[in-house]
S.K.: 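To start, I am sharing the structure in question, which I have written as structure tokens.
Fair warning: this is a prediction, and the values are worked out from it, not measured in the lab.
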Number of protein chains: 2
Amino acid sequence: MSQTVKTLISLRELILNGEIAPGERLLEVNLVDRLGVSRTPIRAALARLAEEGLLEKAPGSGYVVREFTVHDIRDSIEVRGTLEGMAARWAAERGISEPALNRIKACVAEIDALLSQTELSNDDIATYLELNEIFHQQLLGLSDSFVIERMLERIVALPFASPNAFVIATSEIGQSWKIFFVAQDQHRGIVNAIENREGLRAEYLAREHALLTLRVLKTALKNQSVLDQVPGAKLISNVAA
Amino acid sequence: MSQTVKTLISLRELILNGEIAPGERLLEVNLVDRLGVSRTPIRAALARLAEEGLLEKAPGSGYVVREFTVHDIRDSIEVRGTLEGMAARWAAERGISEPALNRIKACVAEIDALLSQTELSNDDIATYLELNEIFHQQLLGLSDSFVIERMLERIVALPFASPNAFVIATSEIGQSWKIFFVAQDQHRGIVNAIENREGLRAEYLAREHALLTLRVLKTALKNQSVLDQVPGAKLISNVAA
DNA sequence: TTGCTTATTTGTGTATACATGCACAAAGGA
DNA sequence: TCCTTTGTGCATGTATACACAAATAAGCAA
């Protein structure tokens with residue numbers, strides 16, 4: 001893996017874990033010592049992270065780690081839900097290929113299999129996270145729309161906009177399995193609606209699915225001890241929660 | 001202005017004007033001669049344009065100018081309309097400041113003044129473009145949402161997703177003034193709805209406004225001689241129009 | 001001819017030196 | 001006292017050299 005990519009990843013991690021605090025000034029030169037690479041890959045990584053919205057450029061005085069508010073989280077999730085809704089509707093209206101349908105159904109089946117166990121271990125939760133991620137990727141892929149894919153790439157880069165954010169946030173308090181079943185029912189509903197070419201219903205369900213995330217996350221946000229475990233949480237100020 | 005910015009702008013222009021053809025391979029080294037700057041600002045510009053979606057990275061063999069389809073255009077406009085709709089609804093639901101309201105009303109009034117003339121010159125059309133741009137920027141600014149602003153930044157970067165795309169496309173055939181009045185009525189409606197705190201209505205109207213763009217653009221897309229005048233049109237393949 | 005292997009070319013990753021320009025502080029004037 | 005101005009240092013912009021990796025072409029064998 002190239003230095004550029006490694007630098008990008010480690011910088012992002014440092015920010016999301018709060019090891020670089022919100023409001024902190026990041027200077028290219030300082031990072032040279034801190035990360036052990038030259039300015040060139042650092043410059044690229046900083047530019048990229050600014051694009052993603054994790055940093056803000058302060059001309060002449062470096063980049064500043066952005067602090068997110070609960071408003072930003074709410075907005076991100078609502079936007080993601082809306083976009084996923086459009087993706088689902090377009091998939092339904094425009095029709096999808098047999099193989100694509102089978103792929104996403106297989107994904108749903110895998111989650112079903114996982115959830116049919118009597119008890120869920122930490123590993124199972126990790127597996128769920130992966131499968132959920134895959135499901136959501138496939139869902140947006142179904143729309144076969146370049147524009148939707150680019151938009152979603154962007155929104156998912158923001159902390160807590162990822163479809164997994166709520167799972168991460170709740171897995172710590174041992175309640176995630178309840179949510180898994182609700183979420184999985186919604187997954188099934190969305191796929192059904194797409195298969196039956198009910199565009200509006202698919203859109204509605206996908207939005208509702210995102211709102212579930214929002215609801216769970218709102219609860220989680222009140223529990224600071226939970227959030228302390230979660231990547232990105234350090235970036236969030238509870239201004240006007 | 002820095003070389004980086006100049007390089008970015010001129011490269012983008014070259015691409016949108018079709019002087020660099022879709023599918024063409026862009027290599028950093030070649031561009032050094034072509035643009036007269038070193039690889040460093042070129043690298044930055046290429047990375048940025050790839051982010052924007054105008055280029056695709058082909059590792060080991062440069063960047064390739066992306067070719068857009070009519071599907072991409074349709075999707076872009078629909079996504080923009082949806083996002084502007086959310087922005088309008090949020091502005092209505094969350095309330096906006098008196099000064100902000102006055103600013104956007106002043107903008108509407110300026111367009112009114114412009115349209116009240118008996119005849120519109122080319123300069124007037126240019127002025128309309130500016131004012132329209134400002135209106136749409138203010139509209140999204142009303143939502144006071146970091147997330148919305150970032151998303152819209154991104155979508156507007158795609159060719160023909162700009163709120164002005166339809167005006168540009170029709171101004172050549174001398175019919176734009178008709179559209180101006182329709183659009184301006186919609187502008188007024190959106191602002192009214194926000195002022196009256198009718199969130200859902202504001203959202204609906206903003207979406208409709210985007211659909212106007214789509215309708216006009218569809219007509220324009222059939223007229224190749226019009227499109228030849230329009231920046232970005234060269235990037236669009238009429239696959240399955 | 002086709003497929004494989006290797007040599008060569010070509011393109012990008014990376015480091016670093018130098019140029020430019022911005023921020024901030026200190027000094028001078030109103 | 002406050003505003004303006006100018007200087008100095010610091011941060012980024014830019015160019016370029018080198019190293020590596022990947023693509024392409026050439027040569028050989030089956």
Side-chain angles (χ1 to χ4, degrees), chain A residues 1-16 18-67 150 153 157 235, chain B residues 1-15 18-67 150 153-154 157 235:
Chain A
M1 197 187 288
S2 75
Q3 293 281 46
T4 310
V5 177
K6 272 193 273 186
T7 307
L8 175 62
I9 291 175
S10 62
L11 245 184
R12 192 191 285 125
E13 206 138 312
L14 284 171
I15 294 169
L16 288 177
E19 291 173 53
I20 299 177
E24 190 170 336
R25 272 179 44 175
L26 289 180
L27 302 179
E28 294 178 2
V29 216
N30 297 349
L31 293 170
V32 168
D33 299 330
R34 194 159 175 180
L35 301 176
V37 291
S38 81
R39 273 182 58 209
T40 312
I42 288 175
R43 278 178 67 76
L46 288 173
R48 174 66 189 269
L49 290 170
E51 274 291 320
E52 290 184 6
L54 256 51
L55 298 177
E56 254 168 334
K57 192 169 185 173
S61 56
Y63 291 78
V64 178
V65 178
R66 209 190 124 78
E67 187 161 19
R150 308 208 82 248
E153 258 172 38
L235 292 177
Chain B
M1 196 186 285
S2 75
Q3 294 280 46
T4 310
V5 177
K6 271 193 274 186
T7 307
L8 175 63
I9 291 175
S10 62
L11 245 184
R12 192 191 285 124
E13 206 139 310
L14 285 171
I15 294 169
E19 291 173 53
I20 299 176
E24 190 170 335
R25 274 180 44 179
L26 288 180
L27 303 179
E28 294 177 3
V29 211
N30 297 349
L31 294 170
V32 168
D33 299 331
R34 193 159 176 180
L35 301 176
V37 290
S38 82
R39 274 181 56 210
T40 313
I42 287 174
R43 278 177 68 77
L46 288 173
R48 174 66 187 268
L49 289 170
E51 273 292 320
E52 289 185 5
L54 256 52
L55 298 177
E56 254 169 334
K57 191 168 185 175
S61 54
Y63 291 77
V64 177
V65 179
R66 210 191 122 78
E67 187 162 18
R150 307 207 83 247
E153 259 173 35
R154 196 126 294 276
L235 291 179

S.K.: Could you check which of D/dT24, D/dA15, C/dA15 has an atom nearest any side-chain atom of A/T40?
M.R.: C/dA15
S.K.: Applying a 4.0 Å non-hydrogen cut-off, can you work out what B/S2 is touching in the nucleic acid: base, sugar-phosphate, or nothing?
M.R.: sugar-phosphate
S.K.: Between A/K57 and D/dA11, is there a side-chain N or O to OP1/OP2 distance below 4.0 Å?
M.R.: no
S.K.: B/L27 or A/Q3: which one's nearest nucleotide on DNA chain C is closer to the 5' end?
M.R.: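 Upstream on the strand: B/L27.
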S.K.: I need the CG-C1' distance between A/L8 and C/dT14, as an integer number of Å.
M.R.: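 Checked: the CG to C1' distance equals 16 Å.
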S.K.: Measure from CE on A/M1 to P on D/dA21 and round the result to the nearest Å.
M.R.: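 The answer, rounded to whole Å, is 15 Å.
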S.K.: Nearest-Å distance, CG (A/L35) to P (C/dT14)?
M.R.: 13 Å
S.K.: Of the listed nucleotides (D/dG13, C/dT12, C/dT14), which one gets closest to any side-chain atom of A/P41?
M.R.: C/dT14
S.K.: Just by modelled atom types, is the A/S38 backbone N or O under 3.5 Å from a matching donor or acceptor in the A/R43 side chain?
M.R.: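 Not a single qualifying donor-acceptor pair exists.
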S.K.: Using atom OH of A/Y63 as one end and atom P of D/dT12 as the other, report the distance to the nearest whole Å.
M.R.: 8 Å
S.K.: Do A/S61 side-chain and D/dA11 base share a donor-acceptor contact under 3.5 Å?
M.R.: no
S.K.: Which residue, B/G36 or A/L26, contacts DNA chain D at a nucleotide closer to its 5' end, judged by nearest heavy atom?
M.R.: A/L26
S.K.: Both B/V37 and B/R25 contact DNA chain D. Taking the nearest nucleotide for each, which residue is further toward the 5' end?
M.R.: B/V37
S.K.: If I take atom CD in residue B/E28 and atom C1' in nucleotide C/dG13, what distance separates them, rounded to the nearest angstrom?
M.R.: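 Those two atoms, CD and C1', are 9 Å apart.
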S.K.: Is a donor on one side and an acceptor on the other found under 3.5 Å between the side chain of A/R150 and the backbone of B/E51?
M.R.: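 Yes.
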S.K.: Do the side-chain N or O atoms of A/K6 get closer than 4.0 angstrom to the phosphate oxygens (OP1, OP2) of C/dG13?
M.R.: no
S.K.: Starting at CD1 of A/I42, measure out to CG of A/L8 and round the result to the nearest 0.5 Å.
M.R.: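 These two atoms lie 12.0 Å from each other.
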S.K.: Roughly, in whole Å, what's the span from CD1 in A/I42 to C1' in C/dA15?
M.R.: 11 Å
S.K.: For D/dA15 and B/S38 - does any side-chain N or O of the residue sit under 4.0 Å from the phosphate oxygens OP1/OP2?
M.R.: yes
S.K.: When the distance from CG of A/L55 to P of D/dA11 is rounded to whole Å, what number comes out?
M.R.: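 The distance from CG of A/L55 to P of D/dA11 comes to 17 Å, rounded to the nearest Å.
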S.K.: Where the side chain of A/R43 is concerned, which of D/dT14, C/dG13, C/dT14 is the nearest nucleotide?
M.R.: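 Looking only at heavy atoms from C-beta outward on A/R43, the closest nucleotide is D/dT14.
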S.K.: Drop me the distance from A/E24's CD to A/L55's CG, to the nearest 0.5 angstrom.
M.R.: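 Separation between the atoms: 10.5 Å.
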S.K.: Can you tell me if B/R12 uses its side chain to pair, donor with acceptor, with the backbone of B/A45 under 3.5 Å?
M.R.: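 Side chain of B/R12 to backbone of B/A45, a donor-acceptor pair under 3.5 Å: no, none is there.
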S.K.: Let's test your reading of the model: under 3.5 Å, does the base of D/dG13 pair with the side chain of A/R39 as donor and acceptor?
M.R.: yes
